[in-house]
Amino acid sequence: MTTTTHSLAFGAGWHVTDVICTAGAGDRPFEEAHQGFCVAAVTSGTFRYRAQQGTAMLAPGALLLGNPGTCYECGHEHGSGDRCLSFHFDPAYMERIAAGVPGTRKLAFKAARLPPLPVLAPLLAEAETAREMADIDAFEELSLRLAGAAVATASGATHVGRAPSRRDQKRVAEAVRRIELDADGPVSLSALADETATSPYHFLRIFRQVAGMTPYQFLLRTRLHRAAVRLRLSNDAVSAIAFEAGFNDLSTFNRRFRRIIGETPGQYRSRRGAWAVSAS
């Protein structure tokens, strides 16, 4: 077996897998069929992808595009191995995403791939970072964003952003309050969208417009802010502060704290004495 597939995250209508292939030039191309829509981000290696839409060479930064029920073939005539973050979507789920992309008329990928594009690079970097940090909770948003970006880019749709309506602003304000109340527990994007009577993709889009960040980014910053306050005001163990703030893994908390705050929790806490002196 030259391919191993590891499930990273899943939800109603979507799932994400980490696919590692070790096939080389001497191995026969393998043929499979897409069960649903597929948007796979190549993170390393190269391979040839042949599908109903055509044949393309896939390299790091490119997106493989697959339509439901179509057969495809992958081969490695020019090099060994590759790794992909593969996002899979049920047709009904993808239909709801496409409905929120202005200018999209028919939901079917006409091309076999999207080449590495600057506009997609930041999003792909976020997805790969989530994989490496085992940030499972980030994939619900990432799957929506990647699917929307792939549909818009592949169809040539251009989005002309309108100012959020008062109703949209109210929806986001209610979601922000909900996140603040429940920040120490699991907060689902689909649940937030259901509470505001919108589709997850539309909710994600208006939240980013109004709040300037995604719901998951707001949740992380809320948790880290509360942890920072407790580090400054209490002598509780760092692990206890991390778990009570909503982080299930201490190493993940330490990495995120350093990335956002700029120093480790221990370094941040050690400067309490300096703050007290400067404030007196």
Side-chain angles (χ1 to χ4, degrees), residues 3-20 30-43 49-54 58 62-74 84-114 120 123-124 126-128 130-131 135-155 157 159 186-208 214-216:
T3 302
T4 58
T5 301
H6 175 59
S7 179
L8 296 176
F10 62 90
W14 65 274
H15 69 277
V16 186
T17 58
D18 181 19
V19 183
I20 301 175
F30 61 89
E31 186 173 302
E32 294 187 56
H34 292 297
Q35 301 303 310
F37 283 98
C38 177
V39 180
V42 183
T43 61
Y49 171 62
R50 183 169 65 85
Q52 188 177 32
Q53 309 101 292
L58 277 294
L63 293 182
L64 177 155
L65 305 177
N67 293 313
T70 62
C71 294
Y72 67 93
E73 182 183 273
C74 293
C84 296
L85 266 172
S86 192
F87 294 77
H88 304 270
F89 307 93
D90 292 347
Y93 187 87
M94 195 67 152
E95 192 77 41
R96 295 181 70 190
I97 295 175
V101 178
T104 302
R105 296 181 179 180
K106 186 177 180 181
L107 182 56
F109 292 124
K110 294 182 179 180
R113 62 126 198 205
L114 288 175
L120 297 175
L123 179 55
L124 299 185
E126 283 188 55
E128 191 167 352
R131 182 188 67 190
D135 192 357
I136 305 306
D137 294 335
F139 280 111
E140 182 181 16
E141 280 188 5
L142 285 168
S143 65
L144 281 170
R145 293 169 60 193
L146 189 66
V151 169
T153 306
S155 65
H159 174 61
V187 179
S188 164
L189 173 63
S190 57
L192 291 173
D194 287 344
E195 290 176 6
T196 58
T198 61
S199 72
Y201 184 72
H202 177 72
F203 172 75
L204 175 60
R205 190 172 62 191
I206 64 172
F207 194 101
R208 292 179 71 189
T214 71
Y216 186 60

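Atom set for the values below is all heavy atoms of this structure, side chains included, hydrogens, waters and symmetry mates excluded.
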Polar side chain donor-acceptor pair, Thr17 to His15, under 3.5 angstrom
no
Is it true that Thr214 and Glu141 share a donor-acceptor pair across their side chains at a distance under 3.5 Å?
yes
Please name the pair of heavy atoms, one in [X] and one in [Y], separated by the smallest distance, quoted to 0.1 Å.
X: His88; Y: Cys38; answer: CE1-SG, 3.8 Å
X: Ala98; Y: Leu107; answer: CB-CD1, 3.7 Å
X: Val19; Y: Ser86; answer: CG2-CB, 4.0 Å
X: Ala127; Y: Leu142; answer: CA-CD1, 3.8 Å
X: Gln53; Y: Lys110; answer: CB-O, 3.2 Å

With no hydrogens and no angle check, is any side-chain donor or acceptor of [X] less than 3.5 Å from a backbone partner on [Y]?
X: Ser155; Y: Ala152; answer: yes
X: Glu140; Y: Ser190; answer: yes
X: Tyr49; Y: Leu65; answer: yes
X: Asn67; Y: Phe109; answer: yes

Could you point out which residue of Val39, Leu63, Leu58 forms a side chain to side chain contact (heavy atoms under 4.5 Å, CB included) with Leu114?
Leu63
Partner of Leu146 under side chain to side chain contact (heavy atoms under 4.5 Å, CB included), picked from Leu124, Val16, Ile97, Leu85, is Leu124
Take the angle between the ring planes of Tyr72 and His34 and call it parallel below 30°, perpendicular above 60°, tilted in between.
parallel
Got a second to check how far [X]'s [atom1] is from [Y]'s [atom2], nearest 0.5 Å?
X: Phe37; Y: Glu95; atom1: CZ; atom2: CD; value: 7.5 Å
X: Thr70; Y: Glu32; atom1: OG1; atom2: CD; value: 11.5 Å
X: Ile206; Y: Thr196; atom1: CD1; atom2: OG1; value: 6.0 Å
X: Phe87; Y: Arg145; atom1: CZ; atom2: CZ; value: 10.5 Å
X: Tyr201; Y: Leu144; atom1: OH; atom2: CG; value: 8.5 Å
X: Cys71; Y: Arg50; atom1: SG; atom2: CZ; value: 9.5 Å

Contact check, side chains of [X] and [Y], non-hydrogen atoms, under 4.5 Å:
X: Arg131; Y: Thr43; result: yes
X: Arg96; Y: Pro200; result: yes
X: Val151; Y: Met94; result: yes
X: Phe139; Y: Trp14; result: yes
X: Leu189; Y: Tyr216; result: no
X: Pro186; Y: Asp137; result: no

Counting only heavy atoms not in Glu128 (residues, nucleotides, ligands), do more than 12 fall under 6.0 Å from its CD?
yes
